[in-house]
Amino acid sequence: MQQYETVIILTPLLSQEAVKEVLTKFSTLLTDNGAEIVQEDNWGLKKLAYPIEKKTTGYYHLTEYKAPGDLINKLEVELRRDERVMRFLTISLDKHARAYNEKKRSGAFLKKPKTDNQTENASK
Amino acid sequence: MAREQIQYVTAPKVEDTRKKYCRFKKNGIKYIDYKDGNFLLKFINDQGKVLPRRLTGTSLKFQRKVAQAVKRARHIGILPYVTDSIK
(Lines give C-alpha, C1' and ligand atoms only; values in the text may rest on other atoms or scores of the structure.)
Protein backbone atom coordinates (compact mmCIF):
# COMPACT_ATOMS: atom_id res chain seq x y z
CA MET A 1 0.00 0.00 0.00
CA GLN A 2 1.77 3.12 -1.24
CA GLN A 3 1.40 6.38 0.64
CA TYR A 4 0.04 9.35 -1.34
CA GLU A 5 -0.64 13.01 -0.74
CA THR A 6 -3.29 14.97 -2.59
CA VAL A 7 -3.74 18.74 -2.55
CA ILE A 8 -7.16 19.91 -3.75
CA ILE A 9 -8.06 23.53 -4.55
CA LEU A 10 -11.78 24.33 -4.49
CA THR A 11 -13.41 27.41 -5.95
CA PRO A 12 -13.87 30.14 -3.32
CA LEU A 13 -17.50 30.64 -4.33
CA LEU A 14 -18.63 27.66 -2.27
CA SER A 15 -20.54 27.94 0.97
CA GLN A 16 -19.11 26.20 4.02
CA GLU A 17 -21.48 23.22 3.69
CA ALA A 18 -20.65 22.77 -0.01
CA VAL A 19 -16.96 22.70 0.87
CA LYS A 20 -17.57 20.12 3.61
CA GLU A 21 -19.75 18.11 1.28
CA VAL A 22 -17.09 17.97 -1.45
CA LEU A 23 -14.37 17.02 1.02
CA THR A 24 -16.43 14.29 2.68
CA LYS A 25 -17.37 12.97 -0.76
CA PHE A 26 -13.71 12.43 -1.58
CA SER A 27 -12.71 11.09 1.80
CA THR A 28 -15.56 8.57 1.69
CA LEU A 29 -14.55 7.62 -1.85
CA LEU A 30 -11.08 6.91 -0.48
CA THR A 31 -12.12 4.97 2.60
CA ASP A 32 -14.73 2.91 0.72
CA ASN A 33 -12.10 1.60 -1.70
CA GLY A 34 -9.75 0.43 0.99
CA ALA A 35 -7.62 3.52 1.50
CA GLU A 36 -6.56 4.56 4.97
CA ILE A 37 -6.42 8.30 5.57
CA VAL A 38 -3.31 9.23 7.55
CA GLN A 39 -3.87 12.94 7.85
CA GLU A 40 -6.19 15.64 6.55
CA ASP A 41 -5.80 19.36 7.02
CA ASN A 42 -7.51 22.42 5.63
CA TRP A 43 -5.46 25.43 4.77
CA GLY A 44 -8.69 27.30 4.18
CA LEU A 45 -8.97 30.20 1.80
CA LYS A 46 -5.59 31.25 0.46
CA LYS A 47 -4.53 33.79 -2.12
CA LEU A 48 -3.34 32.18 -5.35
CA ALA A 49 -0.09 33.31 -6.93
CA TYR A 50 -1.88 33.67 -10.28
CA PRO A 51 -5.57 33.63 -11.16
CA ILE A 52 -6.94 30.13 -11.72
CA GLU A 53 -10.27 30.03 -13.61
CA LYS A 54 -10.46 33.79 -13.20
CA LYS A 55 -10.40 33.49 -9.40
CA THR A 56 -7.61 34.85 -7.25
CA THR A 57 -8.26 32.84 -4.09
CA GLY A 58 -8.82 29.14 -3.57
CA TYR A 59 -9.87 26.81 -0.78
CA TYR A 60 -6.93 24.48 -0.13
CA HIS A 61 -7.28 20.99 1.30
CA LEU A 62 -4.55 18.42 1.85
CA THR A 63 -5.12 14.69 2.42
CA GLU A 64 -2.41 12.17 3.10
CA TYR A 65 -3.44 8.53 2.78
CA LYS A 66 -2.27 4.99 2.18
CA ALA A 67 -3.98 3.46 -0.83
CA PRO A 68 -3.62 0.67 -3.40
CA GLY A 69 -2.19 1.98 -6.65
CA ASP A 70 -5.26 1.59 -8.86
CA LEU A 71 -7.41 3.79 -6.62
CA ILE A 72 -5.56 6.91 -7.73
CA ASN A 73 -7.03 6.82 -11.23
CA LYS A 74 -10.54 6.50 -9.86
CA LEU A 75 -9.94 9.39 -7.50
CA GLU A 76 -8.55 11.59 -10.25
CA VAL A 77 -11.45 10.83 -12.60
CA GLU A 78 -13.79 11.93 -9.83
CA LEU A 79 -11.73 15.04 -9.17
CA ARG A 80 -11.80 15.98 -12.84
CA ARG A 81 -15.51 15.36 -13.07
CA ASP A 82 -16.35 17.61 -10.11
CA GLU A 83 -16.30 21.16 -11.41
CA ARG A 84 -16.07 22.69 -7.91
CA VAL A 85 -12.50 21.38 -7.77
CA MET A 86 -10.34 23.89 -9.61
CA ARG A 87 -7.06 22.02 -9.40
CA PHE A 88 -5.54 19.01 -7.68
CA LEU A 89 -2.12 17.42 -7.35
CA THR A 90 -1.48 13.83 -6.24
CA ILE A 91 2.05 12.68 -5.44
CA SER A 92 3.40 9.46 -4.01
CA LEU A 93 5.56 9.85 -0.92
CA ASP A 94 8.97 8.20 -0.69
CA LYS A 95 10.54 7.45 2.64
CA HIS A 96 12.13 10.87 3.00
CA ALA A 97 8.80 12.54 2.30
CA ARG A 98 7.05 10.30 4.82
CA ALA A 99 9.73 11.02 7.43
CA TYR A 100 9.35 14.74 6.76
CA ASN A 101 5.57 14.62 7.15
CA GLU A 102 5.93 12.53 10.29
CA LYS A 103 8.31 15.09 11.76
CA LYS A 104 6.03 17.92 10.76
CA ARG A 105 3.10 16.25 12.47
CA SER A 106 5.08 15.63 15.61
CA GLY A 107 5.77 19.36 15.70
CA ALA A 108 9.52 19.06 15.31
CA PHE A 109 9.51 22.32 13.38
CA LEU A 110 7.34 24.31 15.73
CA LYS A 111 9.86 24.76 18.50
CA LYS A 112 11.65 27.65 16.85
CA PRO A 113 9.03 29.09 14.46
CA LYS A 114 11.26 31.98 13.49
CA THR A 115 14.00 29.86 11.98
CA ASP A 116 13.50 28.51 8.51
CA ASN A 117 11.82 25.18 9.05
CA GLN A 118 13.76 23.37 6.33
CA THR A 119 17.13 23.68 8.03
CA GLU A 120 15.43 22.83 11.32
CA ASN A 121 14.84 19.21 10.32
CA ALA A 122 18.52 18.77 9.75
CA SER A 123 19.30 18.41 13.42
CA LYS A 124 16.79 15.53 13.88
CA MET B 1 43.92 60.72 -8.46
CA ALA B 2 45.22 58.41 -11.12
CA ARG B 3 42.81 55.68 -10.05
CA GLU B 4 39.81 57.60 -11.33
CA GLN B 5 41.30 57.96 -14.82
CA ILE B 6 41.56 54.20 -15.19
CA GLN B 7 38.68 53.15 -17.44
CA TYR B 8 38.36 49.42 -17.77
CA VAL B 9 37.71 48.33 -21.33
CA THR B 10 35.92 45.23 -20.08
CA ALA B 11 34.19 45.08 -16.67
CA PRO B 12 36.60 43.61 -14.08
CA LYS B 13 35.48 40.08 -13.25
CA VAL B 14 34.49 40.26 -9.58
CA GLU B 15 35.43 36.82 -8.23
CA ASP B 16 32.82 35.50 -5.76
CA THR B 17 35.36 34.13 -3.35
CA ARG B 18 33.08 32.56 -0.71
CA LYS B 19 33.00 28.79 -1.01
CA LYS B 20 29.62 27.69 -2.29
CA TYR B 21 28.19 24.56 -0.69
CA CYS B 22 25.08 22.50 -1.15
CA ARG B 23 22.88 23.55 1.75
CA PHE B 24 20.89 20.33 1.54
CA LYS B 25 23.90 18.08 1.97
CA LYS B 26 25.37 20.35 4.64
CA ASN B 27 22.16 20.57 6.71
CA GLY B 28 21.20 16.98 5.99
CA ILE B 29 17.86 17.95 4.45
CA LYS B 30 16.47 14.97 2.59
CA TYR B 31 13.07 16.14 1.34
CA ILE B 32 12.11 19.48 -0.20
CA ASP B 33 8.49 20.25 0.54
CA TYR B 34 6.67 21.73 -2.47
CA LYS B 35 4.00 23.19 -0.20
CA ASP B 36 6.45 25.39 1.68
CA GLY B 37 6.35 28.56 -0.38
CA ASN B 38 8.68 30.83 1.52
CA PHE B 39 11.44 28.21 1.61
CA LEU B 40 11.25 27.79 -2.15
CA LEU B 41 11.47 31.55 -2.62
CA LYS B 42 15.18 31.24 -1.88
CA PHE B 43 15.63 29.22 -5.06
CA ILE B 44 13.85 31.41 -7.56
CA ASN B 45 14.85 34.86 -8.81
CA ASP B 46 12.55 37.81 -8.70
CA GLN B 47 10.95 36.83 -12.00
CA GLY B 48 9.95 33.48 -10.51
CA LYS B 49 12.52 31.51 -12.48
CA VAL B 50 14.52 28.71 -10.84
CA LEU B 51 18.04 29.86 -9.95
CA PRO B 52 20.89 27.93 -11.64
CA ARG B 53 23.21 25.72 -9.63
CA ARG B 54 26.21 27.96 -10.25
CA LEU B 55 24.54 30.69 -8.20
CA THR B 56 23.00 28.62 -5.44
CA GLY B 57 25.75 26.01 -5.33
CA THR B 58 23.34 23.12 -4.77
CA SER B 59 24.38 19.65 -5.90
CA LEU B 60 22.78 18.15 -9.02
CA LYS B 61 20.68 15.67 -7.08
CA PHE B 62 19.05 18.35 -4.97
CA GLN B 63 18.83 20.88 -7.80
CA ARG B 64 16.51 18.43 -9.56
CA LYS B 65 14.43 18.05 -6.41
CA VAL B 66 14.25 21.82 -6.00
CA ALA B 67 13.21 22.28 -9.63
CA GLN B 68 10.51 19.64 -9.29
CA ALA B 69 9.26 21.13 -6.03
CA VAL B 70 9.09 24.59 -7.62
CA LYS B 71 7.15 23.21 -10.58
CA ARG B 72 4.70 21.48 -8.28
CA ALA B 73 4.31 24.63 -6.20
CA ARG B 74 3.59 26.57 -9.36
CA HIS B 75 0.95 24.03 -10.38
CA ILE B 76 -1.00 24.42 -7.16
CA GLY B 77 -0.77 28.19 -7.18
CA ILE B 78 1.73 28.70 -4.36
CA LEU B 79 4.45 30.08 -6.63
CA PRO B 80 3.75 32.17 -9.75
CA TYR B 81 4.89 30.97 -13.16
CA VAL B 82 6.14 34.41 -14.08
CA THR B 83 6.05 37.68 -12.20
CA ASP B 84 7.83 40.97 -12.29
CA SER B 85 8.89 41.33 -8.67
CA ILE B 86 8.18 38.56 -6.26
CA LYS B 87 10.22 39.58 -3.25
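Each chain gets a letter, A, B and so on, in the order the sequences are listed, and its residues count up from 1.
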Legend entry - Heavy-atom donor-acceptor pair, Arg87(A) side chain to Ile9(A) backbone, under 3.5 Å: no
Inset, instruction - Using modelled atom types only, decide if a donor and an acceptor are shared between the side chain of Thr83(B) and the backbone of Pro80(B) within a distance under 3.5 Å. - result: no
Legend entry - Heavy-atom neighbours of Tyr21(B) OH exceed 12 at 6.0 Å: no
Inset, instruction - Kindly indicate, with the supporting measurements, whether the criterion salt bridge (Lys or Arg N to Asp or Glu O under 4.0 Å) is fulfilled by Arg98(A) and Glu5(A). - result: CA-CA 10 Å; Arg98(A) 277 198 296 272; Glu5(A) 185 183 69; over 6 Å; no
Inset, instruction - Write out, in numerical order, the residues from residues 41-78 of chain A with a heavy atom short of 4.5 Å from a heavy atom in chain B. - result: Trp43(A), Lys47(A), Leu48(A), Ala49(A), Tyr50(A), Tyr60(A), Leu62(A)
Inset, instruction - Give the cluster check for Phe26(A) versus Ile76(B): same hydrophobic cluster or not, with ILVMFWY residues linked at side-chain heavy-atom distances below 4.5 Å. - result: no
Inset, instruction - Please confirm whether Tyr34(B) and Tyr100(A) have ring centers closer than 6.0 angstrom. - result: no
Legend entry - Residue part contacting chain A, namely of Arg74(B), when any heavy atom lies under 4.5 Å: backbone
